[in-house]
Every structure is written in C-alpha cells, then in structure tokens.
Amino acid sequence: MKTILVTGGAGYIGSHTVVELLNSGYEVVIVDNLINSNIKVLDRIQSICQKRPIFYNCDILDKVSLEQVFQKHDFSAVIHFAALKAVGESVREPQRYYTNNVSGSLILFELMAKYSVKKIVFSSSATVYGDPISVPITEEFPLSATNPYGQTKLMMEQILRDIYAADREWSIGILRYFNPVGAHSSGLIGEDPNGIPNNLMPYISQVAVGKLECLSVFGNDYPTHDGTGVRDYIHVVDLARGHLKALEYLEANGGELIVNLGTGTGYSVLDVVKAFELASGKVINYQIKPRRSGDVAKCFANPAKALELLGWQTTYDLEQMCRDTWNWQQKNPQGYT
Ligand code: NAD
Ligand code: WQD
C-alpha cells in the first residue's frame with residue numbers, strides 16, 4: 001500500500017485529490033495548518049470515501065513538527081499543495097508569500113531528501129505564463145510573473161528543476177493548473193473562500209445564493225468574442241485525477257514532467273454567467289466595471305502534452321462545473337462553518 005503525503009490536503013484542490021487517492025487505494029497523510037481550510041473537511045472526506053486520511057495540523061514552516069511526520073511514515077511520494085494563493089494579497093504582503101510558499105517548500109524538500117522521499121507532484125499555475133503571447137498556451141511558452149504570488153510559483157518551478165538537475169534520483173511533476181472550479185458531485189466538499197471571493201465562479205455562486213448582490217464584470221473591452229476576459233475553467237475532480245496520473249507517470253518513468261492541466265477551451269465571463277444561470281435557475285445580476293489590474297484578455301491551455309504523456313483529459317464540461325458548484329453552494333451556503 002503506497003502512502004502519499006499531501007501538504008495542503010485540507011484545502012480546495014487538496015481535499016478533492018485526497019478523495020481520488022483514497023478511492024484508488026492509496027494511504028493518505030495530510031499536513032495542513034488550516035490557514036485557509038476547515039477541519040470539518042476530514043469528516044466530509046470520510047463520508048465520501050468510507051475512509052479517513054491521517055491528519056496533522058502542522059505548518060510546513062515548522063521543521064521540527066514536519067520532521068516528526070516524516071519519522072512516523074514511509075512515504076512513496078509527496079503532493080505539494082500547501083501555499084497562499086491570493087494574488088492581490090501577495091502584492092500587499094509579499095514577504096509573507098515568499099516565506100510561506102518558498103521557504104516552506106524548501107523545508108519540505110530538505111526533509112524529503114533527508115528521508116529519501118524523492119518523488120513530488122507540485123501545484124503550479126497558468127500564472128507562470130504571465131501575459132501569454134498567444135493562445136492556446138503550450139508548456140514551451142515563455143515564463144514570467146506579474147505579481148509576487150506568480151513569482152513564488154516561478155521560483156518553486158526553478159528550484160525543483162535545479163534539484164532534479166543535481167540529483168537524478170528525484171522525480172518531479174510540475175502541474176500548471178488553469179482555472180479550477182466546481183466541486184465533488186456529493187456536494188460534501190467544495191471551495192470555501194474566506195470573505196468576499198476574488199475568483200469568478202465562487203463570486204457568481206454567492207450572488208446566486210443571495211449572499212452577494214451583484215457581480216462586477218471586470219472589463220468588456222478585451223479583444224474577445226464578447227469583450228469580457230476568457231479563461232480555461234477546469235472541473236476540480238478532473239484536476240484531482242490529473243495528480244494521480246502524474247504520480248503513476250513518475251512511478252513508471254521518473255524524470256521531470258511539466259504539463260498544463262486545462263480543458264483547452266476558453267469561456268468568457270459572460271459565458272460563465274449564462275451557464276450558471278441555466279444550471280441554477282437563478283438570475284445573476286451583474287454590472288460592467290473597469291478592467292482589474294493585472295488581468296489578461298485570454299488564457300487557455302493546449303492540453304495535448306497531458307494527453308500524450310499521462311493519458312489524461314478532462315471529462316466535465318462548463319455546464320457540469322456550474323451544476324456542481326451550485327450543488328455545493330446550496331448545500332453549504334456558509335461553506336464549512
Ligand atoms: P487552498 O487555500 O484551498 O489550499 C491550500 C491549503 O494549504 C490550505 O488548506 C491551507 O490551509 C494550506 N496551507 C497554506 N500554507 C500552509 C503552510 N505553511 N503549512 C501548511 N499548510 C498550509 O488553495 P487551493 O485552491 O486548493 O490551491 C492548492 C494549490 O494549487 C496551491 O499551491 C495554489 O497556489 C495552487 N493553484 C491554485 C489555483 C486555484 O485557482 N485554486 C490555480 C493554480 C494553482
Ligand atoms: C476569471 C475572469 C476576471 C472576478 C486567478 C489567479 C491565477 C490562478 C487562478 C492560482 C477574469 C473575471 C473575476 C469577478 C470578474 N490562481 N472576474 N469579476 O484571474 O484568471 O486567475 O485564479 O494560481 O493565478 O490570477 O481567475 O476567477 O479571478 O477571474 O469579472 O468578480 O473573471 O477579470 O477575466 P484568474 P478569476
């Protein structure tokens with residue numbers, strides 16, 4: 001039985017990945033400091049899987065506590081989700097982002113080396129493509145960052161490539177996610193942002209449920225089919241399954257893997273509003289507002305490499321993403337609390 005250490009496993013993408021891991025027969029150990037998640041997610045995971053992951057309330061910056069976790073378990077790989085992820089906050093509090101995301105990861109990698117756990121799947125982001133020269137985006141596109149959060153992802157990718165270059169016993173999977181949305185079909189786990197959501201889908205679903213009044217659409221003068229920003233929304237369950245495929249790939253081939261995880265299809269803000277209205281039967285009030293600084297017109301993946309190397313492709317469409325978001329939102333109007 002393989003045991004996987006999942007950092008940030010109580011969070012949005014982490015919890016969905018833990019469900020897929022448990023359902024595929026892996027043992028799972030979660031390390032999470034609950035800075036952006038809720039302990040109740042463990043009961044929910046247990047309800048879905050009839051199995052409970054082992055959980056440590058531990059900050060990855062706390063090397064002593066993290067080392068105790070490595071001493072207690074024999075991990076075959078690490079999936080590393082733990083990070084702070086709010087772009088605007090990262091501009092206001094850059095040091096906190098660099099410390100948490102970069103220093104925290106360095107401590108994790110040091111312990112992985114010490115305990116000879118040299119297989120890792122890392123959560124990167126389409127943000128590493130900055131303002132892309134064109135779409136769809138392939139993995140060879142130039143990389144850049146437009147904010148400290150994105151910079152931490154670029155730095156982590158570089159650190160992992162350097163670790164692999166120095167020691168070929170490591171195997172490294174860098175997964176560049178596009179825009180994760182949706183929730184598990186049970187409605188038991190989903191995205192539970194603190195305060196007012198920054199991201200489009202949770203904002204829309206809180207308008208639909210009556211928690212927020214009106215969506216601000218940030219700009220309708222982009223060079224897109226209706227003037228609003230175009231993104232590659234991917235169902236979180238498809239994304240979670242990509243991590244299992246990446247683990248299997250690294251198990252079989254070793255080496256260094258860098259892949260986009262997206263659907264390959266771009267939808268505008270207004271496309272998402274319409275799809276959500278259909279899925280929920282609710283009217284989404286919106287107002288056009290100025291562009292949000294740092295936003296790009298279009299961002300969507302060429303996911304061909306993930307299909308070729310991992311045999312992975314997405315299975316859920318935008319309608320299903322909206323239905324599952326709405327199901328989670330209705331069943332949990334206050335999130336986990
Ligand atoms: P999330 O905030 O729901 O999950 C991250 C988890 O990590 C949380 O449970 C948080 O409590 C934990 N965490 C943060 N710092 C920690 C620390 N120092 N020690 C221990 N635990 C810590 O976010 P998510 O959306 O599930 O994102 C998971 C990963 O995917 C992150 O690395 C994020 O940057 C990346 N990512 C997310 C998106 C997205 O839009 N959601 C897109 C691309 C990449
Ligand atoms: C999507 C579209 C907005 C909110 C961010 C991070 C990225 C990655 C995923 C982690 C854009 C528009 C949004 C609103 C709106 N995260 N919008 N009104 O900006 O593509 O990506 O999350 O790695 O790094 O930057 O996602 O959901 O914020 O925005 O009109 O209230 O919706 O302008 O066109 P984004 P998003």
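As the structure is a prediction and not an experimental result, all values here were calculated from the model. We count ligands from 1, going down the list as the structure has it; atoms in each ligand are counted the same way.
- If you look at H243 and F81, their ring centroids are closer than 6.0 Å.
- Less than 4.0 angstrom separates some heavy atom of N198 from each of these atoms of ligand 2: 4 (C), 28 (O).
- Counted by atom type alone, H235 and D324 present one or more donor-acceptor pairs between their side chains at under 3.5 Å.
- Between W328 and Y336, the ring center distance clears the sub-6.0 Å criterion.
- In this pair, H184 and H16 present their aromatic rings tilted. The plane angle is within the 30 to 60° band.
- Looking only at atom types and distance, the side chain of T3 has no donor-acceptor partner in the side chain of E27 under 3.5 Å away.
- The atoms of ligand 2 that sit less than 4.0 Å from any heavy atom of Y149 are 10 (C), 23 (O), 24 (O).
- Residue contact check for ligand 2: Y233 places a non-hydrogen atom closer than 4.0 Å to it.
- Within the set D32, N199, I60, L175, the minimum heavy-atom distance to atom 19 (N) of ligand 1 is found for I60.
- Both the sub-6.0 Å distance and the 45° axial angle are satisfied by R168 relative to the ring of Y164.
- Taking atom 40 (O) of ligand 1 as the reference point, the nearest protein heavy-atom neighbour is P180 CD, 3.4 Å.
- Polar contact with ligand 2: present for N199 (N/O pair, distance under 3.5 Å).
- In the vicinity of S216, heavy-atom distances shorter than 4.0 Å reach the ligand 2 atoms 14 (C), 15 (C), 18 (N), 30 (O), 31 (O).
- The shortest N or O to N or O distance between Y203 and ligand 2 is not under 3.5 Å.
- Here the heavy atom of the protein found nearest to atom 29 (C) of ligand 1 is F81 O, 3.3 Å.
- Atoms of ligand 2 lying under 4.0 Å from any heavy atom of V87, numbered from 1 in the order shown and given with element: 6 (C), 25 (O).
- When the heavy-atom distances from atom 11 (C) of ligand 2 to R231, R291, R176 are ranked, the shortest goes to R231.
- Counting only N and O atoms by type, the side chains of S37 and D32 include a donor and acceptor under 3.5 Å apart.
- When F178, Y177, Y149 are ranked by how near their heavy atoms come to atom 30 (O) of ligand 1, first place goes to Y177.
- When G14, S105, A83, A126 are checked for heavy-atom proximity to atom 5 (C) of ligand 1, A83 turns out nearest.
- Those atoms of ligand 2 that come under 4.0 Å of a heavy atom in D295, given as number and element, are 3 (C), 19 (O), 33 (O).
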